[in-house]
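Report on one structure; see the data block that follows.
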Amino acid sequence: TLVNARAAFETAIKNAVTTADNTVTVVFDNMPFTTPGKNKKYVMVSLDFTQSTTQTHGAAQDYYAGSIRCGIMTPPNKGSAVASAIAESVIDGLTSVNAPGYSDTFSATPRVSEIEGPTSVTVEGDSHFLSVVSCQFTANA
C-alpha cells in the first residue's frame, strides 16, 4: 500500500539518522511539527508519489514511484561539517533499502536510485543552515 511504501522509507531514514546522532530530530511532511529552536538540528523528510500503478498486460498492478527530499537543518554560522555528517546518515538510510540484507518488514520492495546532494541552500537571515539530499524511489505492493 501507499502507507507501507512511505513507512519503509521513513523508517530507514529515521533509524539511520538517530543511530548516528540521537540529538537530531527527524520529522515527516505528513505529521504535525513545530520548528525547533535555531540551535537544534533536524531533518524534514518530504515524500511525494508520482505514480501509483503500472499497466502491464491485463489489470493494473500497484507500483509506486516518486521522490524523497530531505532538508537537513543545522544551526547557522557553524560551518558545514555538522550538516555533512547528518547528510551522510540520511544517505545511509536511503541506500539501506537497496542492500542485499535489507529486511522488507513492510512488504513494499522499496528501492532508491541515484542520490543527489547534499546541496547547500543559503538565505541570509534564515534560522538554520539548509542542506538538501534527494532521490527518486520505487516500491511495489
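Both backbone and side-chain heavy atoms feed into the values below; hydrogens, waters and symmetry mates do not. As the structure is a computational prediction, the values presented were derived from the model and not from experiment.
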Worksheet item: Is there a chain of hydrophobic side chains (I, L, V, M, F, W, Y, each step under 4.5 Å between heavy atoms) that links F129 to V90?
Response: no
Worksheet item: Are the side chain of H128 and the backbone N or O of Y42 linked by a donor-acceptor pair below 3.5 Å?
Response: no
Worksheet item: Do L47 and R69 come close enough that some side-chain heavy atom pair is under 4.5 Å?
Response: no
Worksheet item: Are V133 and E116 close enough that some pair of their side-chain heavy atoms sits under 4.5 Å apart?
Response: no
Worksheet item: Is there a side-chain contact between Y102 and P110, using heavy atoms and a 4.5 Å cut-off?
Response: yes
Worksheet item: Are the side chain of R111 and the backbone N or O of A139 linked by a donor-acceptor pair below 3.5 Å?
Response: no
Fill in: Path from M31 to V43 over hydrophobic side-chain contacts below 4.5 Å
yes
Worksheet item: Within the side chain of S89, is there an N or O that forms a donor-acceptor pair under 3.5 Å with the backbone of I86?
Response: yes
Worksheet item: Taking side chain as C-beta onward, heavy atoms only, is V132 less than 4.5 Å from I72?
Response: no
Practice prompt. Any chance you could measure N140, atom CG, to N4, atom CG, to the nearest 0.5 Å?
Written response: 12.0 Å
Worksheet entry | side-chain contact (heavy atoms from CB on, under 4.5 Å), paired with V17, selected from V45, N22, T25, V26 | V26
Worksheet item: Do I68 and S134 come within less than 4.5 Å of each other through their side chains, counting heavy atoms only?
Response: no
Item to complete: Calculate, to the nearest 0.5 Å, the distance between atoms CD1 and SG belonging to I91 and C70 respectively.
Response: 9.5 Å
Worksheet entry | Test item: T138 and Y64 side chains (from C-beta on) under 4.5 Å apart, heavy atoms | no
Practice prompt. Please tell me if the side chains of D29 and R6 come closer than 4.5 Å, counting only heavy atoms from C-beta onward.
Written response: yes
Worksheet item: Linking I/L/V/M/F/W/Y whenever their side-chain heavy atoms sit closer than 4.5 Å, directly or via other members, would V3 and F137 fall into one cluster?
Response: no
Discussion item. Which residues pass the side-chain hydrogen bond (donor to acceptor under 3.5 Å, both in side chains) test with D104, not counting sequence neighbours?
Written reply: none
Fill in: Between CZ on residue F28 and OG on residue S46, distance to nearest 0.5 Å
11.5 Å
Item to complete: Tell me, with the steps shown, if K41 and T23 meet side chain to side chain donor-acceptor pair (under 3.5 Å).
Response: CA-CA 7 Å; K41 303 173 284 190; T23 66; 2.9 Å; yes
Worksheet entry | Option among V24, V82, N39 that satisfies the side-chain contact (heavy atoms from CB on, under 4.5 Å) test with T74 | V82
